Protein chains: 2
Amino acid sequence: MTIPRGGAPAPKYQRLAADLRRRIEAGEWQGGAQLPVEGDLEQHYGVARNTVRLAVDVLVNEGRLVRMQGKGTYLKQQPVFDHRAYLAARLPGQRDALAAPSEVYTREARTAGRRLTVDFDMLVVRARPDVAQRLGLPPDDAVVVRRQLRLLDREPYSIEESHYRAGLAAGTPLMDPEPAPGGDEQVLAAMGRSETSAVDHLAARMPGPEEAAWFEIGPGVPLLVQTRVTHDRRGPVRVIETRYAADRCRLVYEVGEGREPGPRP
Amino acid sequence: MTIPRGGAPAPKYQRLAADLRRRIEAGEWQGGAQLPVEGDLEQHYGVARNTVRLAVDVLVNEGRLVRMQGKGTYLKQQPVFDHRAYLAARLPGQRDALAAPSEVYTREARTAGRRLTVDFDMLVVRARPDVAQRLGLPPDDAVVVRRQLRLLDREPYSIEESHYRAGLAAGTPLMDPEPAPGGDEQVLAAMGRSETSAVDHLAARMPGPEEAAWFEIGPGVPLLVQTRVTHDRRGPVRVIETRYAADRCRLVYEVGEGREPGPRP
DNA sequence: AAGTGGTCTAGACCACGGG
DNA sequence: CCGTGGTCTAGACCACTTC
């Protein structure tokens with residue numbers, strides 16, 4: 001279970017990190033408590049400050065600690081919000097089973113005692129290769145992207161982007177740079193393109209610099225990425241890519257008579 | 001989109017990281033190519049070696065680079081394997097819709113031209129708080145954990161753990177320290193506890209040290225964690241937690257007549 | 001002003017991989 | 001053996017937060 005080392009002891013900073021991890025798991029500091037300052041750790045363990053920083057780096061990159069300049073280093077503690085992924089397989093006839101207007105999410109959040117706000121924008125760009133492929137387009141074809149930037153209690157929460165074939169969106173309210181009343185689903189329904197099926201791909205990866213900046217997340221927090229391709233009988237309708245800061249939510253999929261005993265502590 | 005700074009320029013190592021990121025995205029190095037060695041970067045940019053290392057740290061933690069001691073620093077490139085999550089809502093009557101014996105996964109891998117091998121073990125432990133809650137047990141109650149360690153082409157791939165109430169598993173083949181022929185589903189069916197519904201929670205987080213060691217992943221690679229609670233009419237049956245190295249697979253959920261145009265490049 | 005983390009340098013030695 | 005990345009030290013100054 002350990003990486004082989006030629007008899008050599010583990011490096012100081014790793015042993016230091018392991019000891020801090022042990023103390024954290026032993027509950028030596030609770031909640032969002034402050035850890036000893038770097039100078040104290042330096043003295044306590046008898047190492048150079050750089051070594052202390054290397055050790056703390058490890059725990060920061062594991063998502064256990066956060067550093068705040070001028071204040072200190074703290075235990076991370078984040079509430080997690082369960083976000084229902086609308087696959088809702090038991091409601092096959094229902095139109096909003098595959099996607100839902102933002103009102104649904106706003107209501108879901110309010111039920112959980114949280115406040116969800118949404119910024120909207122629309123842009124026309126060349127399709128990413130994977131989006132082009134999923135929509136059955138030639139590479140670099142233009143797509144209309146309708147984007148929702150969601151904040152939960154003022155905190156950046158998710159970025160949802162719907163990608164439409166330019167030809168499909170042209171001349172429809174999908175070109176409007178504002179949310180469609182009732183959601184894009186309403187618009188698609190009026191065009192006779194109600195979505196009847198979907199495939200979701202779930203992935204996780206570290207954020208790039210822009211994503212880290214927008215989400216206001218530091219090292220150690222991955223993104224959870226949901227890529228949904230919806231279809232109607234004529235073919236693919238849109239690609240919906242939603243990115244979540246993984247320390248702020250989980251996605252929930254249900255099937256059958258699924259009951260959920262309650263949130264995870 | 002940028003973190004505010006009081007007129008001060010970004011630190012050297014961040015500018016260096018940004019420049020390397022730009023060069024990477026510009027395609028200056030392809031595939032798994034080797035980057036210039038630290039000494040060269042030090043000279044080229046006119047900074048101390050530590051500053052070079054801080055910059056490379058950033059890109060390693062973003063999952064873009066891997067460092068190999070004694071060899072060099074390389075662009076990361078990983079094939080991604082799509083793993084079908086067995087929700088299969090369109091086959092409501094089918095018993096293996098909520099879980100499947102490992103043969104199913106082995107076959108799925110072989111279809112993709114990959115080889116899946118599985119190690120199995122069984123242990124009895126105190127339930128984690130979240131598992132106890134989902135199974136409706138008092139905290140610290142004993143649970144039987146049946147664990148499958150999966151390798152894809154010899155590479156660590158996933159850890160799947162089924163947690164059963166001790167009382168449910170007692171005196172059944174679920175206590176055997178080996179895989180049940182036909183899967184645990186077969187055993188449950190014989191006990192009259194066929195699973196009819198499930199709730200999945202999807203999360204992402206960074207691995208702890210043991211997980212990083214087992215998966216042989218370095219910094220910058222999160223885990224994708226699927227937590228499935230299955231039910232029959234009498235209540236919760238088991239908690240299945242599956243952890244994946246996120247650079248090696250994605251999870252796929254389908255509903256309706258879902259068609260998938262093909263894998264992402 | 002004092003205390004915290006953030007950045008940076010210069011130099012040293014070690015461990016690993018491959019010729 | 002050499003070149004690579006890995007670890008560690010000592011010390012300096014900066015930027016931010018709090019009082």
Side-chain angles (χ1 to χ4, degrees), chain A residues 2-20 29 32-61 64-76 209 212-213 216 218-220, chain B residues 2-20 29 32-61 64-76 209 212-213 216 218-220:
Chain A
T2 325
I3 290 169
R5 269 187 161 260
K12 270 189 189 174
Y13 80 98
Q14 286 184 16
R15 278 180 286 147
L16 211 171
D19 194 57
L20 290 175
W29 306 284
Q34 181 175 6
L35 261 67
V37 300
E38 294 180 348
D40 288 353
L41 293 174
E42 189 179 334
Q43 284 212 330
H44 184 289
Y45 288 101
V47 297
R49 178 161 171 237
N50 230 326
T51 307
V52 169
R53 286 185 65 78
L54 283 174
V56 174
D57 278 349
V58 172
L59 301 180
V60 167
N61 286 327
R64 295 171 184 264
L65 300 179
V66 285
R67 283 203 271 225
M68 285 186 276
Q69 187 176 52
K71 296 184 66 177
T73 303
Y74 297 82
L75 264 188
K76 197 197 286 186
E216 294 169 16
Chain B
T2 325
I3 290 168
R5 271 190 159 257
K12 270 188 189 174
Y13 80 97
Q14 287 184 15
R15 279 180 286 146
L16 211 172
D19 194 57
L20 290 175
W29 306 285
Q34 181 175 5
L35 260 66
V37 301
E38 294 180 348
D40 287 353
L41 293 174
E42 190 179 334
Q43 284 213 330
H44 184 289
Y45 289 100
V47 298
R49 178 161 172 237
N50 231 327
T51 307
V52 169
R53 286 185 66 77
L54 283 173
V56 174
D57 278 349
V58 171
L59 301 180
V60 167
N61 286 327
R64 296 170 184 265
L65 300 179
V66 285
R67 283 201 271 225
M68 285 186 277
Q69 187 176 55
K71 296 185 65 179
T73 303
Y74 297 82
L75 263 187
K76 196 195 286 186
E216 295 169 16

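Numbers restart at 1 for each chain; the letters A, B, ... are given by sequence-line order, proteins then strands. Predicted model only: the values in this text are computed from it and were never measured.
You'll find that the side chain of N50(B) is closest to dT9(C), out of dT9(C), dG5(C), dG6(D). Distance from the side chain of P11(A) is smallest for dT7(D) among the nucleotides dT7(D), dC8(C), dT9(C). The side chain of T73(B) lies closest to dG5(D), out of dT4(C), dC8(C), dG5(D). Among the nucleotides dG17(C), dG6(D), dC8(C), the one closest to any side-chain atom of E38(B) is dG6(D). Taking the side chain of Y13(B) as heavy atoms from C-beta on, and the options dG5(D), dT9(C), dT7(C), the nearest nucleotide is dT7(C).
Taken from CZ in R53(A) to OG1 in T73(A), the straight-line distance is 8.0 Å, to the nearest 0.5 Å. To the nearest 0.5 Å, atom CG of residue L41(B) and atom OG1 of residue T51(B) are 11.5 Å apart. Residue Q43(A) holds its CD atom at 7.0 Å from CG of D40(A), rounded to the nearest 0.5 Å.
Taking side-chain N and O atoms only, K71(A) has no distance below 4.0 Å to OP1 or OP2 of dC16(D). Put simply, T51(B) has no side-chain N or O that comes within less than 4.0 Å of OP1 or OP2 on dT7(C). K12(B) has no side-chain polar atom (N or O) that falls below the 4.0 Å cut-off from OP1 or OP2 of dG6(C). Side-chain nitrogen and oxygen atoms of Q69(B) include none within less than 4.0 Å of the OP1 or OP2 phosphate oxygen of dT7(D).
Note: CD (Q14(B)) to P (dG6(C)) measures 11 Å, nearest angstrom. Following rounding to the nearest Å, D57(B) (CG) and dC8(C) (P) show an atom-to-atom distance of 13 Å. Note: CD (E42(A)) to P (dG3(C)) measures 15 Å, nearest angstrom. dC8(C) atom P lies 9 Å from atom CG of L16(B), rounded to whole Å. One interatomic measurement links the two molecules: CE of M68(A) to P of dG3(C), which rounds to 20 Å at whole-angstrom precision. Rounded to whole Å, the distance from CZ on R53(B) to P on dC8(D) is 11 Å. A straight line from OH of Y45(A) to C1' of dC8(D) spans 18 Å, rounded to a whole angstrom. If you take CZ of R67(B) and P of dG5(D), they are 9 Å apart, rounded to a whole angstrom.
Using modelled atom types, no side-chain atom of Q14(A) and backbone atom of V58(A) make a donor-acceptor pair closer than 3.5 Å. Between the side chain of Q34(A) and the backbone N or O of K71(A), at least one donor-acceptor pair lies under 3.5 Å.
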